[in-house]
Amino acid sequence: MKAIVDCNSFYCSCERVFRPDLENKPVVVLSNNDGCIISISNEAKALGIDMAVPYFQVREAIEKNGIETFSSNYNLYGDLSRRVMDTLKALVGEARVEVYSVDEAFLDLDHIAKNDLQDFSRTIRETVEQWTGVSVSVGTGETKVLAKVANRLVKKLRLPSKTLVLDSEDATTQALQRTLVKDLWGIGRRYAVKLNEWNIHTAWELKHMSEDWARTHLGGVIGARMIEELNGRQAILMQDELANKKMIATTRMFGTAVTELKDIKEAVATYTTRAAEKLRRQHSAASMISVFVIPRQPAGTPSYRQGGQARSSYATLHSPTSLTHELIKPAMEMATQLYRKGERYSKAGVTLSGLVPDSSIQSSLFNECGNNQNRELMLMLDNINFSMRNDVIKYAAAGIDKQWKMRQEFRSPRYTSRWDELPGVR
DNA sequence: TCTGGGGTCCTAGGACCC
DNA sequence: TCTGGGGTCCTAGGACCC
């Protein structure tokens, strides 16, 4: 059996861990740039606030109802996430945990007797809550897809135990009958529409379609796997722990529209610096770097998401590198080349790809002084910036005043990852 | 005024090879 | 008159996820 452990309103829960006064109060967390709502507590939901809605559209309702509002604080969420995952690993063993996202993990429970699954699910939930202060829901089923179905029902039906185990034919059937295809893990909006056109509405109905049918109408092997999983046959396997990323991106909306080349270059240099840090953290080097900018659409036109208005460029590096300054150079050239005077920009980003282990970097004939010194410099720089505060040491190209920086009006302290922001105890 | 920031997997098609 | 048959690698684009 497989279980999915999912933190409830994770970012909101994180904010509450150090603000117990917010228990049972409505809370929302905003995306970067305070752009839209990305986490809502049940209480806020009950007041009619929805996920993914632009903040400015609901600002009035939020203020009127006294909903507590936070800018996202990824240092805090990342740290609490690690604690939750560590707890799960302590409970079932590291090899049985697949960290799926910042607030979710799949567990392999094949070693637990079927009769004990109910109790064990509750133990998981209680232990995580006790050790970390974060509340979780646990869904269990024969396959990952069925575990997801169970987990969704826990939340939808507000089951008091916050756990649901689909351990019998009957339980599974009932669960599938009350799940719409659009709510299945792996069925997005496009496929949901298509399925409805075929007059398939519930997961139960989908389960009885043939694999061949799914192969031709539901994205090839993806559809076939879905049918298998619904029928209790494992087709989506547990992934090994945290393989390295194959692509690393840092992209941001600007706080306010940017018009000057200087600002674009500063932003791109800053994003390149961030991306290079992520690259070094997983001991990789990049062989390709790409930069994009998105001009702001004139008022009234559909938002930037809908079109291909982004302008991008990429450069292949002479040899893979993880050194910030070697990445900034081509990034600056591309930023300059992409910039048009008179245009206003709403967003820019940097993507590193063609990642290889940094141990495999070939030394190049043209490498004058050997990269080892450089890599030690990077290591030192990363250590200082991580342990002190953000960017004590930085590249001049990244700019000092950062006019373009995102808005973050409501960020809580980084309670657990900065010495100077630890919570006080009287 | 104002709408996030990451990622993954799969497929088709082109280029190239023997 | 009438086009080989496989392979592999790479990239772009679609779909999905949190």
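Values below: all heavy atoms of this structure, side chains included; hydrogens, waters and symmetry mates excluded. Chain naming here is simple, since letters A, B, ... match the order of the sequence lines and numbering starts at 1 in each.
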Worksheet item: Can you name the salt bridge (Lys or Arg N to Asp or Glu O under 4.0 Å) partners of A:K207, sequence neighbours left out?
Response: none
Discussion item. Using a heavy-atom cut-off of 4.0 Å across all strands, would you classify A:N32 as base, sugar-phosphate, or nothing?
Written reply: sugar-phosphate
Worksheet entry | Stretch residues 50-58 of chain A: residues that reach within less than 4.0 Å of DNA chain B through a heavy atom | A:P54, A:F56, A:Q57
Practice prompt. Report which part of the nucleic acid A:I248 touches: base, sugar-phosphate, or nothing (heavy-atom distance under 4.0 Å, all strands).
Written response: sugar-phosphate
Worksheet item: How would you list all residue pairs meeting side-chain hydrogen bond (donor to acceptor under 3.5 Å, both in side chains) that involve residues 215-232 of chain A, not counting sequence neighbours?
Response: A:T143-A:E229, A:W213-A:H217, A:E228-A:R233
Worksheet item: What dot-bracket string describes DNA chain C from 5' to 3', counting Watson-Crick and G-U wobble pairs whose defining distances are under 3.5 Å, with [ ] for crossing pairs and | for pairs to another strand?
Response: ....||||||||||||||
Worksheet entry | Interatomic distance at P, B:dT3 relative to C:dC18, whole Å | 24 Å
Item to complete: For residues A:V5 and A:I124, report the shortest heavy-atom separation together with the two atoms involved.
Response: CG2-CG2, 4.1 Å
Worksheet item: Reckon A:L184 touches a base, only the sugar-phosphate, or nothing at all at heavy-atom distances under 4.0 Å?
Response: sugar-phosphate
Fill in: Evaluation steps, side chain to side chain contact (heavy atoms under 4.5 Å, CB included), between A:R414 and A:L76
CA-CA 5 Å; A:R414 290 165 287 196; A:L76 176 64; 5.6 Å; no
Worksheet item: Looking across every strand, which nucleic acid part, if any, lies under 4.0 Å from A:T250 by heavy atom: base, sugar-phosphate, or nothing?
Response: sugar-phosphate
Worksheet item: Between A:R344 and A:A257, which heavy-atom pair has the shortest distance, and what is it?
Response: NH2-CB, 3.8 Å
Worksheet, complete the sentence: Outer limits of DNA chain C sitting under 4.0 Å from a non-hydrogen atom of chain A, read 5' to 3', are C:dA15 to C:dC18
Response to the item:
Contacts of A:F56 meeting ring pair (Phe, Tyr, Trp, His ring centres under 6.0 Å) (sequence neighbours excluded), chain-then-number -> none
Response to the item:
Within residues 186-205 of chain A, those residues having any heavy atom closer than 4.0 Å to DNA chain C are A:G186, A:I187, A:G188, A:R189, A:R190, A:Y191
Worksheet item: Of all residues at least two apart in sequence or in a different chain, which pass the salt bridge (Lys or Arg N to Asp or Glu O under 4.0 Å) check with A:R82?
Response: A:D79, A:D86
Discussion item. For A:R344 and A:A249, find the nucleotide of DNA chain B closest to each by heavy atoms; which residue's nucleotide sits nearer the 5' end?
Written reply: A:R344
Worksheet item: Under 3.5 Å, is there a donor-acceptor pair between the A:S137 and A:N8 side chains?
Response: yes
Worksheet item: Which residue pairs satisfy the ring pair (Phe, Tyr, Trp, His ring centres under 6.0 Å) criterion with at least one member in residues 143-163 of chain A, sequence neighbours excluded?
Response: none
Worksheet item: Which residues satisfy the salt bridge (Lys or Arg N to Asp or Glu O under 4.0 Å) test with A:E343, sequence neighbours excluded?
Response: A:R311
Discussion item. If you apply the rule side chain to side chain contact (heavy atoms under 4.5 Å, CB included), what do you find for A:T251 with A:Y271, and how did you get there?
Written reply: CA-CA 7 Å; A:T251 71; A:Y271 304 159; 5.9 Å; no
Worksheet item: With A:T336, which residues qualify under side chain to side chain contact (heavy atoms under 4.5 Å, CB included), at least two apart?
Response: A:L261, A:K265
Discussion item. Please classify the nucleic acid contact of A:D34 as base, sugar-phosphate, or nothing, using heavy-atom distances under 4.0 Å.
Written reply: nothing
Worksheet entry | Set of salt bridge (Lys or Arg N to Asp or Glu O under 4.0 Å) partners for A:D50, sequence neighbours left out | none
